[in-house]
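These notes are about the structure you will find just below.
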Amino acid sequence: STAPRPEPLTIAAAASLAPIFDELAEIYEDETGEAVIFSYSSTGNLAQQIRNGAPFDIFASADENRVDELIAEGLLDEGTRLAFARGVLVLVGAPELGLSLESVEDLADPIIRDVAIANPRHAPYGMAAAQTLLRAGVEVAVLPKLVYGESVRHAGLLVQTGNTDAGLIALSIAKSMDLPSLELPEELYDPIQHVAAIHSDTSQSEQAARFLEFLSSPEAQAVFERSGLVAGEG
Amino acid sequence: MAAADFRASFELRLPDFNLAPRFEIGPEMAVLFGASGAGKSLTLRALAGLVRPDQGYIRLNGHALFDSEEGIDLPPQDRGVGYVPQHYALFPHQSIAKNVAFGLHDLPNAERKARVSELLARMRLEQLSDRKPGEVSGGQQQRTALARALARRPDLLLMDEPFAAVEEDLRAHLREELLRIQKDFAIPVLLVTHSRAEAYALAERLIVISEGEIVQSASRDDVFRRPRTPTVARLMGMTNILQVKVVDGSGTELLADWGAFRLAIAYSGSRAQGSTLTVGIRPEEIRIAPAGSEAQSANRLTARLAKDEPQGVDHVLQFTVDDQLLEVRVSHPAFMALDLSAGQERTLRVEPESIHVIPDPD
Amino acid sequence: MAAADFRASFELRLPDFNLAPRFEIGPEMAVLFGASGAGKSLTLRALAGLVRPDQGYIRLNGHALFDSEEGIDLPPQDRGVGYVPQHYALFPHQSIAKNVAFGLHDLPNAERKARVSELLARMRLEQLSDRKPGEVSGGQQQRTALARALARRPDLLLMDEPFAAVEEDLRAHLREELLRIQKDFAIPVLLVTHSRAEAYALAERLIVISEGEIVQSASRDDVFRRPRTPTVARLMGMTNILQVKVVDGSGTELLADWGAFRLAIAYSGSRAQGSTLTVGIRPEEIRIAPAGSEAQSANRLTARLAKDEPQGVDHVLQFTVDDQLLEVRVSHPAFMALDLSAGQERTLRVEPESIHVIPDPD
Amino acid sequence: MVSPLVLSLRVAGLATLFAVVFGIALAALLARRRSMAANITDAAVTLPLVLPPTVLGYYLLVLLGAQSPLGAWLESIGIDLVFTWQGAVVAATIVALPLVVGSTRAAIEAVDPDLRDVARTLGRSNTAIFLIILLPLAWRGLLAGGMLAFARALGEFGATLMIAGNIPGRTQTLPIAIYDSVQAGDLASANRQALLLTVVAVVLLVGIRYLGSALAGRNARGRG
Amino acid sequence: MVSPLVLSLRVAGLATLFAVVFGIALAALLARRRSMAANITDAAVTLPLVLPPTVLGYYLLVLLGAQSPLGAWLESIGIDLVFTWQGAVVAATIVALPLVVGSTRAAIEAVDPDLRDVARTLGRSNTAIFLIILLPLAWRGLLAGGMLAFARALGEFGATLMIAGNIPGRTQTLPIAIYDSVQAGDLASANRQALLLTVVAVVLLVGIRYLGSALAGRNARGRG
Ligand SMILES: Nc1ncnc2c1ncn2[C@@H]1O[C@H](COP(=O)(O)OP(=O)(O)OP(=O)(O)O)[C@@H](O)[C@H]1O
Ligand SMILES: Nc1ncnc2c1ncn2[C@@H]1O[C@H](COP(=O)(O)OP(=O)(O)OP(=O)(O)O)[C@@H](O)[C@H]1O
Ligand SMILES: [Mg+2]
Ligand SMILES: [Mg+2]
């Protein structure tokens, strides 16, 4: 239960969205004069925090299942559910390796010793990476090479620092790390929907709704595209 | 019988030790004497309330300090018992004066100061009142610990081996001081030692403890002269404990046989003929006759020297009599005069008064 | 001049203390004497190599232990110097024997054992070899520390206040022992004390330190009888330091005026008439004439009793002579006989031999 | 809006204070005790060291959150620990506590037990004995524990992130800000902030050491 | 495949061993030193306590990773720390180190400095003096430090996750498994694993305490 506060909107956002939302916040503030504050953490943490009374007005997740769970529990308002963007899974190789990875099947090549993905147990990009390997039929060859990052950013970091030869990560991360990347066919993984919803108990539902509206605006969508996300389903 | 000021009778069971002392003492200097590990320190700690007996009672001037039946167990704070542990345990970061004042927190300021000054003066510590315990001598430390314990005017004073860290040369002096203090305060003082010489020098009442039990508690002379059991006898230095068979128990002297030898024993009681008797003889009360003396009359034994052990200024000689051992102690000049060497046979002589009947065999 | 065995001349600057001792000693018992805070302990620590002087040298038997110019600074390990700090610093968790053996690690096993046995025997510690330091007396601890320091056969022995933790009654005995050890080992021993009595009892050479500097270093009697400066004089117990004006410096006795009074002073040198001279008089060398005596001839002063301070078995009396103070010490019986009370006037007398000329004013 | 540095210092300062006070009390209770209850308490105090801070934070969140009876009660009396800097203090106190207890307890146990025993026969309460005798003689261990606690509280992040969240200006301590920068891919900021944290920690730790030795040394000089 | 529990015990055991050995050495170097170098070393050792483990892990990853000269050199001599349980040992050792140094240093400094000084005049090396005199007299502090270190190493998670990754059967320690379960919302597993970790930690810590007191007490009984 959040007490009424004349304070800025507080948005719980998946850590992988951090650089993108920081940019959006500036535009939004310029436009509306309303400040927003983000509390970034892993999706799992944020979900637990909301369950235990966190005073967030909006939950923006890279994992639609978590949002739906919280909607089912009555903590988020179903009517406000908004899929605002979609994640793109890419294949990256360690920069100094000089390999040109052309498909996910290349990961089976013995020259690739290890592959970083986010932990499929709780990170949506990890789940997508696992699906990809399975659907491409290389899971048997690649499974022993897998290294799980704590988050998709950690997986990217492992590739960027040369500690793994390759990785399956988010396009947004690859862009922010200047890693050359190869987009993978969409049919290899279920869509990585980024979903937001407003907290049922928020005292600032009007401002919150305004922010969600802004997420669907062409300006915001342009930022998403530039950062490596695909525009939401609307 | 006049009520004793202090009585204790309790049992305390530890994993591999059982302590069950039982004794009473009046306003006197009592010494708890026993071998290392006999339970002396543990007894003091139980009396002070620092360890809890399993059952029994401890009563001081009619009040129970501990009573398992009545469910009484006063904490050390409320016992009114002064305690001086073995190494004094002075508070190293506090001055001598603060150490003494430590237990006087509940007195008004002026009274506390007066009490501390009085005690420091009594113990000749005034000059040192601002020094730390580490900066004064062992004897001064001991006096500080005593002053600290006496400051609260306890009804009983317990001291554990108070002379262990003090020079031999100083001990006689400190013992006198302690005896004077006991008289002045007129409270029971129970002092622990494992030194026979110290026990002898200090004790009015001597309480002998062995393996956790009090084996004798009586006046010092009683215990030294009439040890009740062979254990006490040995602790009191009667190293020769013999089993003899009564031949004639009716006369003024008791006649008994020890192996081939007949002994006359000064003994006022009577014993049935043929019964077995335990007697003790101090090694220094056996005389060695010069070479060539006869060995026929009573209280003369023929013995062969088995071993010679110099001990300080004395010699402790081990003689075999038939297949039994007798220990004899002679001074170094006497030993030289006797011109003894191992394997030689000599006649030993013991006065009937030097053979002590020990009433209760262990 | 025969080369001394040990010479030191160095400077050590601390935030609020400047130590700059300079002295030499032979294979003798030297005492470093000074007030609390004069720098005695610090000097020993510098000699042992535990603190590093800023400049100067320390030389033992011709070898430099420290020399700032030559860039030499041997670590304590390599100095061959035995050190006994103030509270002995015995290793509390190791037995007496292990303490003594600590510095003998580089000897073969058998030799090490022999050396330890020899030292324990010499110090009468054999019986205690397995005890921990906490379980033996202060004197025994001192002997252990000495044995430990001597075990390595050092070329110099340093001891810091070795009798502080020992009973007054025992000190005389231990001092003798120490003097004997010094003679046996025939090495320089430098011992620190702030007790005048101790310095007197022990010193062959007496080195007086004040505010970090050596103010006099000479034979004990020289220092006690002929203090070189007022500071030394005061430290040696000459509490009366007077400024007098020479009237006639040509005779066998020097005549000088102190205020209204004329003093005859036993002095072999000569001093110019009208010059100022510093003299010292011990308080116990001033006599008090009985009431009613005359006060005209030389070395008689009329004085008024200002204060009476009992000190142990003596009385220290403060007299005013004109507006100056004179301290006089008399024994308790003499004091009673004099029947003195504050405000009374008396005649004081000093022999010419009791007035000591102090050559160098501070 | 409070800067992460100021917030960190406030949280770590208060947490150290609480950890030292409770830690001393716990060390006093546990020293030389061999009872079952003492063992369990000891273990319970050590747990915050063993459990991953995030997990600890999760349990704290559940325990103190709005849905728990305790959390509800606290809220009813006006104490709001979840998503406030006060919550960060609670988290930091709990993680720092075992460090104080561990080293203080060891230092107290190193004090000759006879001192305590004698003091008891002299009529003083256990509290007085602890404060006048044991603690002054154990000051080095206490100082070490306090320093470890302060460092740990200053760096606390996992449990804090969970219970207090990552709200800039309200609950974003310096370590959380560093996490944030790393998440945002802004490694330059992260390095800068980590350097700031490091420098502040070093300066303060050296300061605590000097101050602590000076203060404690004065009270319990002896020959220590 | 190694179970998380076994892996945790192996990592924590080795890390404690290393932390104790290095920690003792560092405590020896730092005790009673007031020099600039000592202060900097002291601060450097304390840093793992101040920096969030994740950040620390990130720096370790960069320092020891394949692209760093150090990492390349280590790899050339066959030591692979990234994504191996050996890497987890390195991370746990580093985070546990300050706990050993802190409390051991305090205990060593509590030993009468005259003992060390005298020992030096007796010709023994500083190492011998440290091992024969100082350490036995400081055993309680060392034991406390060792216990804190073991607990911390057992619970280490943030830095380990960064450098050793989260590879089930290879580098997934128990704390990482718990974290995993909490993130995945599988609270039942998390609770089960946390309970296991707790019980193991409690049993082992109580064991270390008994064993440590017994062993150390034998060597350095005195009156302590
Ligand atoms: N706290 C304890 N736990 C277990 N056993 C103990 C304890 N305290 C003492 N004991 C045992 O009790 C017995 C008696 O010990 P105590 O210290 O009373 O002996 P003592 O007569 O004082 O000997 P000493 O002359 O050597 O001081 C010993 O066997 C000892 O091991
Ligand atoms: N390590 C140090 N740092 C700073 N000052 C010191 C140090 N050691 C000693 N001093 C100062 O040096 C002076 C001489 O000290 P020292 O211990 O040598 O005196 P002492 O003559 O031995 O006195 P005492 O008779 O009281 O033992 C004192 O003023 C003391 O404060
Ligand atoms: Mg005992
Ligand atoms: Mg000194």
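Heavy atoms only: backbone and side chains are in, while hydrogens, waters and symmetry mates are out. Lettering of chains follows the sequences in order, A, B, ..., and the numbering in each one begins at 1.
Applying the 6.0 Å contact sphere to NZ of B:K183 captures more than 12 heavy atoms from other residues, nucleotides or ligands. Around atom CZ of B:R22, no more than 12 heavy atoms belonging to other residues, nucleotides or ligands sit under 6.0 Å away. Around NE2 of B:H105, the count of heavy atoms belonging to other residues, nucleotides or ligands within 6.0 Å exceeds 12. Annotation for B:Q127: atom CD does not count as buried by contact number, only 12 or fewer foreign heavy atoms lying within 6.0 Å. Within a 6.0 Å sphere centred on CD of D:Q86, other residues, nucleotides and ligands contribute more than 12 heavy atoms.
The part of B:L90 that comes within reach of chain D is its backbone (N, CA, C, O), which places non-hydrogen atoms under 4.5 angstrom from that chain. Contacts of D:A128 with chain B are absent, with no heavy-atom separation under 4.5 Å from either backbone or side chain. Within the 4.5 angstrom heavy-atom criterion, atoms from both the backbone and the side chain of B:R148 approach chain D.
B:P85 is not listed as a side-chain neighbour of D:D117, based on a closest heavy-atom distance of 4.5 Å or more. Counting heavy atoms from C-beta outward, B:P76 and D:L122 have side chains that stay 4.5 Å or more apart. Looking at heavy atoms from C-beta onward, B:R79 lies out of side-chain contact with D:T121 at the 4.5 angstrom threshold. The shortest distance between side-chain heavy atoms of D:R124 and B:Q77 does not fall below 4.5 Å. Side-chain contact between B:H93 and D:I133 is present, with heavy atoms from C-beta onward closer than 4.5 Å. Under the 4.5 Å side-chain criterion, counting only non-hydrogen atoms from C-beta, D:I132 is in contact with B:F102.
In this structure, D:V118 and B:A89 approach most closely via the heavy-atom pair CG2-CB, 3.9 Å.
In this structure, OH on B:Y88 lies 14.5 Å from CG on D:L115, to the nearest 0.5 angstrom. Here CG of D:D114 is found 6.5 Å from CZ of B:R45. Values are rounded to the nearest 0.5 Å.
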